[in-house]
Every structure is written in C-alpha cells, then in structure tokens.
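Reviewing the structure listed below.
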Amino acid sequence: MLIKNSNKNILIVGGAGYIGSHMSAFLSRIGYTPIVLDDLSTGHRDAVLDAEFIEGSIADSALLDHIFSTRSIAAVMHFASFIQVGESVRLPEKYYQNNVANTLNLLIAMLKHKINKFIFSSTAAVYGEPHYTPIDENHPIKPINPYGCSKNMIEQVLADLMHAYSFQYAVLRYFNAAGADLSGKLCERHDPETHLIPLILQVANGQREDITIYGQDYPTPDGTCVRDYIHVTDLCDAHFKALSMLEAGEKCCIYNLGTGQGYSVKQVIDAAREITGCDISVKQGARREGDPAILVADATRAMRDLKWTPQYSDLKTIIQHAWKTYS
Ligand code: UFG
C-alpha cells in the first residue's frame, strides 16, 4: 500500500501543461504530493487533477519566496518552457526571457531557500544537426535555434551551480514526447498545435481537413522525417527514477529519453489510419526549416542507470492512448 509522505512535496513548475500535468498525476498516484505552479500562459487549469494549484510565474520572486517559505519542498521539476522551434527563431527574446532568465530566477530562489534538487526538461534540440544516429549523450552539443540554445544555457547553469553549491540536478533530454495517460483525462493540447500526432488525430476526428507532410525528399527509407516517439507516461517514470537517484545522493545526471526506435511521418500516419479507422487526408508540403532527417535517441544510459524500460512507447500504444482523448 502506498503511504502519502509529507516530505515528498514536489513543486511542478508548468504542471498545467502537457507533460507537467501528466507528471503531477503520476506523482500523486505513487504517493508524492505534487504542488503545481503555472501561469496558464500555455497550460490549462483543468489539467491539474489532484494537486494544489498556484497560479503565477517563476518570474515572480516574491511568489517563489512565499511558496518556498510556506511549504517544505523536497525538489522542483521544471516543465514551464516555450517549446516551438520556429517561433524561437522569429522571437528569440521571448525564449531567452522565459526559458533562460525566468528559469535562472527560479534557480536563484531555490538556492536562497536551500532547495537543492532540480529536474530539468531539456531536449534533443541541444544536439542540433545530428552527426550520427542514434544520438547518445556524448554527441556534440550544437543547437541550431534559440529554443535549443535556451535549453543548453540552462544545462550549463546547472553544471556551474552543482560545482559551487550542494546542488543536485537531472537533465532529461526528451526526443518526441507523445501519447496520453491511461485515465483518458489528460491529453496533449497546444495552441496552436504544431506536433504531428495531435494534428493527425485532429484530422481523424474531423477538427481538421488534412495533414501536410513537411518534405518527402529526405534521405530516409520513405523520404519523410524519422522521429523517436516516447510515451508521456514513460517520460514521467524516467523523471521519477531520476528524482530517486538524486534522493539517493547522486549529484547530477544527464539522460536522453527516447526508445531508440524511429518512425517516419508516413509510418505514423499509416498507424493512425489503422487505429482510428479513419481515412486521414494528406497534403504534400515543403520541408519545414530546421527539421533534421532523422532524430533517434540512444537511451542506453538512462535504461541502464535508471533501470528504466519504456512500457508504452511502441507507436500503436502511443496513438491508441492519444486517440482515446481525441475521439
Ligand atoms: N510534421 C509534419 N507535418 C506537420 C507537423 C509535423 O510533417 O503538420 C513532421 C515534422 O516535419 C517532423 C515530425 O513530423 O519531421 C515531428 O514533428 P513535431 O513537430 O511533432 O516534432 P519535432 O520533431 O519537430 O519536435 C520535437 C519536440 C521539440 C524538440 C524537437 C527536438 O516537440 O520540442 O523534437 O528537435 F525541440
């Protein structure tokens, strides 16, 4: 039987967003006490199912002081980033303000209140254009857009904080987060939606006319881009295991989170046709700027160190779970 442990208050920054809301529900299920801080700029209040909710921003130092001085927080998980690569190229200052400056503000507040465990959502975008595939953590770090740069900057800040203080952190570099948890109560909702699987399912449920395939002339077996889709529940499990490592005394860890298995855009569309039973109408489009042909993780390190095995990340399960919330 799970026992609620009051020393297990975890602050989930961005806990009303896609991955953060799943993380909050996951922690709650296993006996932790998530506390969600979200400014609702992209998140949804109704995605916070079973946690205290505080509306506000990590830019607000007074609010952070209040939270940290009135609650005993064991660790902070940070999901409150802007994530659109294309937008980051058009509006870089927006990305550096939120993903870098505001995150630094959060870290400074943590130091002030002696909260020393931090789990950071990073991204495969820190690697930039792949030099080889699958990509392991030793791959050169060369982000090619402000989004990837902003994540890399915070990775650097974390390394320096660890050297200067008794500060512990985990950096988790996600590949393509997808799917939804089994409850059917949470889903991927971005506005505007830019991610492949939600867009395909919006075609299947009649919200959209068609899906445009961005480029069919890539050097891949069917000409469309290949990505490594990782189920959001498996991501949450990896976060929990990384938190456990920090609790056991590990000072820092950096992990790729993916499956090592890539699927092309066409394969994803075909799988969605099979699962939904809908004829998904497709348009051919030009390549989207900044899309590498293949992005597949070598996640051996996470699997070995965290004893983490993705359970739900085969493509059909991901689409089935996502479809439950779209249908
Ligand atoms: N795609 C289409 N049509 C669409 C949308 C996407 O063909 O309408 C293609 C993209 O070109 C890409 C694949 O589907 O090849 C997946 O695209 P997503 O937008 O779903 O995801 P990305 O791979 O672009 O982005 C993900 C994360 C980012 C992260 C990036 C790492 O969502 O946050 O991986 O490079 F930065």
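Bear in mind the structure is a predicted one, so any value in this text is a computation, not a measurement. Only this structure's heavy atoms are used, side chains among them; waters, hydrogens and symmetry mates stay out. Each ligand, and each atom within it, is numbered from 1 in the order the structure gives.
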Checklist line | Parallel, tilted or perpendicular: rings of Tyr18 and His22 (30°, 60°) | finding: perpendicular

Note to self: For a quick check: using heavy atoms under 4.0 Å, what are the residues in contact with ligand 1, sorted by chain and number?
What the structure shows: Ile83, Val85, Thr123, Ala125, Tyr147, Asn176, Thr194, His195, Leu196, Leu199, Ile211, Thr212, Ile213, Tyr214, Cys225, Arg227, Tyr229, Val265, Arg288, Asp291, Leu295

Note to self: Tell me if the aromatic rings of His239 and Tyr174 count as close, with their centers under 6.0 Å from one another.
What the structure shows: yes

Item checked: Hydrophobic cluster membership, Met245 vs Ile10, 4.5 Å side-chain cutoff -> yes

Margin query: Using the side chain to side chain contact (heavy atoms under 4.5 Å, CB included) criterion, which residues pair with Phe82? Sequence neighbours excluded.
Written below: Ser41, Thr42, Lys94, Tyr95, Asn98, Asn99

Checklist line | Sequence-distant partners of Val85, side chain to side chain contact (heavy atoms under 4.5 Å, CB included), two or more places apart | finding: Asn145, Tyr147

Check: What pairs of residues pass the salt bridge (charged side-chain N to carboxylate O under 4.0 Å, His left out) test when at least one of them lies in residues 183-204, not counting sequence neighbours?
Finding: Asp46-Arg189

